[in-house]
Amino acid sequence: MRHFVARVAPLTGAVWTKCGAAHRPRFTTHWRERLCAHSTAFFREGLVSRKRDPFTLALESLRSRAEEGVYAPGAPVIIIEEARRLSLSTTPVREALGWLCGYGLMERGALGGFLAPRLDPALVRDRLAFRLHCLATAVNGAGQAHRARNTGPAPDRVRLSLADHLLRAVQETGNAALIDAYQRVNSQLIQLAPAERRLFVDIDAEAEALVSLFEGPPGGGLPEALTAYHHRRMEAAPLLVIETKSGRSPPPGEV
């Protein structure tokens, strides 16, 4: 604390007085306000700096590209090319790719390096089934009680999307393990979204119906609707995989 006060005291014009054996600063109300403003800026600057560290930059970019399906399934992710794209050294890129392996968004190659995860119908079905399990646990448990207390019209509130409602339902359980599991599997399914839109012509109406059930009172058939929503995609898993691979947008410079 003394080090921090010593740094800001010249800026605030604090008056130092002797109190017992120690010297303590005495601030008027004006200088107290200036000190608070300066300390807030000081700590905010530290938080921004941490957000901008190379590892975080690499992780955010690579995770976004992996979720969006930028990398072809099973194709190598070249560390030096990603480092050049991000204007970073290879170290934070390699560390970020290693982290994404633990999240299921990257795979380690048999001979080293990293690969975009492979897609196959069985894996897609398993992931959809597990996401459904997470949501069923949520809507039939603690999350249901919370929604019962928070239903009703709210015209001044921004309406949540279906994805927001799904995540919120799991978060309302307060179960950290369930939340983490849901976020991981959902992150692995995001790249299927464009394929779903091409395959299911009624996707917007389907999402709107689910949102209405989330915002309505309990007992409206939400668990059954979520089950039908996921089973539809599980049955279409082979087509979703084909559409995802054929509709992938290659990154700039890829032939």
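Side chains included, hydrogens not; waters and symmetry mates left out as well; all remaining heavy atoms used. Worth saying up front: this structure is predicted, and the values here are computed from it rather than measured.
- For residues 112-127, the set of pairs meeting the side-chain hydrogen bond (donor to acceptor under 3.5 Å, both in side chains) definition, not counting sequence neighbours, comprises Glu107-Arg118, Arg127-Gln188.
- Salt bridge annotation for Arg85-Glu81: absent, with no cationic side-chain nitrogen under 4.0 angstrom from a carboxylate oxygen.
- With a 4.5 Å cut-off on side-chain heavy atoms, Thr244 and Pro194 do not count as touching.
- Residue pairs meeting the ring pair (Phe, Tyr, Trp, His ring centres under 6.0 Å) criterion with at least one partner in residues 163-189, sequence neighbours excluded, are His165-Phe214.
- Not counting sequence neighbours, Arg94 has no partner by the salt bridge (charged side-chain N to carboxylate O under 4.0 Å, His left out) test.
- Sorted by first then second residue, the ring pair (Phe, Tyr, Trp, His ring centres under 6.0 Å) pairs that include residues 215-242, not counting sequence neighbours, number zero.
- Under 3.5 Å, the side chains of Glu68 and Ser64 contain a donor-acceptor pair of N or O atoms.
- Other members of the cluster containing Ile80 are Ile78, with ILVMFWY side chains joined at under 4.5 Å, either directly or via other members.
- Here the shortest heavy-atom pairing between Leu213 and Gly220 reads CD2-O, 3.2 Å.
- In the model, Tyr71 has no side-chain atom that pairs as donor or acceptor with a side-chain atom of Gln191 under 3.5 Å.
- For Ser61 (side chain) and Ala58 (main-chain N/O), no donor-acceptor pair under 3.5 Å exists by modelled atom type.
- Figure legend: cation-pi geometry between Arg232 and Phe200, with NZ or CZ positioned under 6.0 Å from the six-membered ring centre and within 45° of its axis.
- Put simply, the side chain of Arg63 never gets that close to the backbone of Tyr103: no donor and acceptor are under 3.5 Å apart.
- We find that Arg168 and Glu215 are not joined by a salt bridge, their nearest charged nitrogen and carboxylate oxygen being 4.0 Å or further apart.
- At distances below 3.5 Å, not a single donor-acceptor pair connects side-chain atoms of Asp180 with backbone N or O atoms of Ala176.
- Residues forming a side-chain contact (heavy atoms from CB on, under 4.5 Å) with Gln171 (at least two apart in sequence, or on another chain): Leu167, Ile179, Gln183.
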